[in-house]
Amino acid sequence: MRYWLMKSEPDTFGIDDLAAAPKQTTSWEGVRNFQARNMLRDDMQAGDLAFFYHSSCPEPGIAGVVEVVRSGYPDASAWNARSPYHDPKSLENKPLWYTVDVRLKQRARQLLPLAVLREHATQQLDGLLLLRRGNRLSITPVDRAHWKFILSLLR
DNA sequence: GCCAACGTTGGC
DNA sequence: GCCAACGTTGGC
């Protein structure tokens, strides 16, 4: 079992949207980066846990915990011409993009801000990919030790 | 709005 | 295969 961090812009889809979704479950569609795609397709398994991270917003940070409930499968939004995630390079018989399903597991009572995570960047969270300079990946793996420490900060 | 970092594209 | 130009991400 592995741990992850998944970014989403709350203006587009935040933890409130996930909480309001049927079965509090959603397909994590729209990832259009090859490194992240490979993790969705090859590495993320049902039972894995992930932090739900709010990015590109007034207060970026971790908003909760989700569980992967379905491992990688083709992202149908790439085939939908009306979707903002439409990509004609993805073919029905040769999908280019993948998604997983995640279910809300824990909604933080208060957001754990990026600034707080940074306070531990040279100590307990040394090496956390999210904190690495220039990191832009929307999905990143999280070490077990980092996971446990961040959980201890989450309220 | 600014800017750093990084990915993608396309000419050669 | 190289690399410049361009686009995107995302914090501030």
Side-chain angles (χ1 to χ4, degrees), chain A residues 2-21 26-44 48-66 68 72-102 104-143 145-147 149-155:
Chain A
R2 304 179 67 174
Y3 301 99
W4 308 92
L5 183 141
M6 305 171 80
K7 296 181 186 174
S8 185
E9 300 185 13
D11 283 354
T12 303
F13 191 87
I15 196 132
D16 292 344
D17 298 301
L18 181 56
T26 192
S27 173
W28 202 264
E29 61 181 27
V31 172
R32 296 295 179 265
N33 167 281
F34 288 104
Q35 271 180 271
R37 187 280 309 268
N38 292 347
M39 289 188 265
L40 287 166
R41 187 189 59 188
D42 304 331
D43 300 328
M44 299 180 77
D48 287 0
L49 298 177
F51 291 122
F52 190 119
Y53 180 86
H54 283 176
S55 67
S56 293
C57 56
E59 196 177 22
I62 291 172
V65 175
V66 298
V68 177
Y73 63 100
D75 182 349
S77 69
W79 298 323
N80 178 356
R82 283 184 301 279
S83 167
Y85 306 125
H86 179 233
D87 183 353
K89 291 194 292 297
S90 184
L91 307 177
E92 292 272 354
N93 60 353
K94 199 181 175 197
L96 188 58
W97 303 115
Y98 283 74
T99 184
V100 298
D101 288 353
V102 300
L104 182 62
K105 189 171 170 68
Q106 178 192 346
R107 187 182 189 172
R109 273 174 289 154
Q110 55 187 86
L111 184 109
L112 175 57
L114 175 61
V116 172
L117 297 174
R118 283 203 194 286
E119 290 171 11
H120 305 280
T122 60
Q123 303 288 326
Q124 291 94 334
L125 296 182
D126 184 35
L128 183 69
L129 286 174
L130 175 72
L131 300 179
R132 214 182 55 183
R133 184 176 172 79
N135 166 64
R136 296 185 314 168
L137 267 186
S138 63
I139 296 177
T140 49
V142 175
D143 293 344
H146 291 156
W147 176 271
F149 180 73
I150 294 170
L151 263 195
S152 77
L153 299 177
L154 200 61
R155 296 289 176 264

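Just so you know, these numbers use all the heavy atoms, side chains as well, and skip hydrogens, waters and symmetry mates. So that the names make sense, note that chain A is the first sequence line, chain B the second, and so on, each numbered from 1.
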- Task: Check the pair A:Leu128, A:Thr140 against side chain to side chain contact (heavy atoms under 4.5 Å, CB included), reporting the backbone distance first and the verdict last.
- Result: CA-CA 9 Å; A:Leu128 183 69; A:Thr140 49; over 6 Å; no
- Query: side chain to side chain contact (heavy atoms under 4.5 Å, CB included) between A:Val68 and A:Trp28: does it pass, once the steps are laid out?
  - Reply: CA-CA 10 Å; A:Val68 177; A:Trp28 202 264; over 6 Å; no
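The ring pair (Phe, Tyr, Trp, His ring centres under 6.0 Å) search around A:Tyr3 returns A:Trp147, not counting sequence neighbours.
The minimum heavy-atom distance between A:Met39 and A:Ile139, with the atom names listed, is CE-O, 3.0 Å. Nearest heavy atom pair, residue A:Ser55 against residue A:Lys7, reads OG-CB, 4.1 Å.
Defined by atom type and a distance below 3.5 Å, a donor-acceptor pair is present between the side-chain atoms of A:Ser27 and A:Tyr73.
Pairs passing the salt bridge (Lys or Arg N to Asp or Glu O under 4.0 Å) check and including a residue from residues 87-101 of chain A, sequence neighbours excluded, read A:Asp87-A:Lys89. Residue pairs satisfying the side-chain hydrogen bond (donor to acceptor under 3.5 Å, both in side chains) criterion with at least one member in residues 110-137 of chain A, sequence neighbours excluded, are absent.
Look at A:Asp75 and A:Arg37 and you find no salt bridge, because none of the NZ, NE, NH1 or NH2 atoms lies under 4.0 Å from a carboxylate O.
No side-chain heavy atom of A:His54 sits less than 4.5 Å from a side-chain heavy atom of A:Ile62.
Using a 4.0 Å cut-off on heavy atoms, the residues of residues 26-41 of chain A that approach DNA chain B are A:Phe34, A:Gln35, listed by number. For the contact set between residues 80-99 of chain A and DNA chain C, defined by any heavy atom under 4.0 Å, there are no members.
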Return the polar atom pairs (N/O with N/O) between nucleotides 6-12 of chain C and the protein under 3.5 Å, or none.
| from | atom 1 | to | atom 2 | distance (Å) |
| --- | --- | --- | --- | --- |
| C:dT8 | O2 | A:Arg136 | NH1 | 2.5 |
| C:dG10 | OP1 | A:Lys7 | NZ | 3.0 |
| C:dG10 | OP1 | A:Arg136 | O | 2.8 |
| C:dG11 | OP1 | A:Tyr53 | OH | 2.8 |
| C:dG11 | OP2 | A:Ser56 | N | 2.9 |
| C:dC12 | OP1 | A:Arg118 | NE | 3.4 |

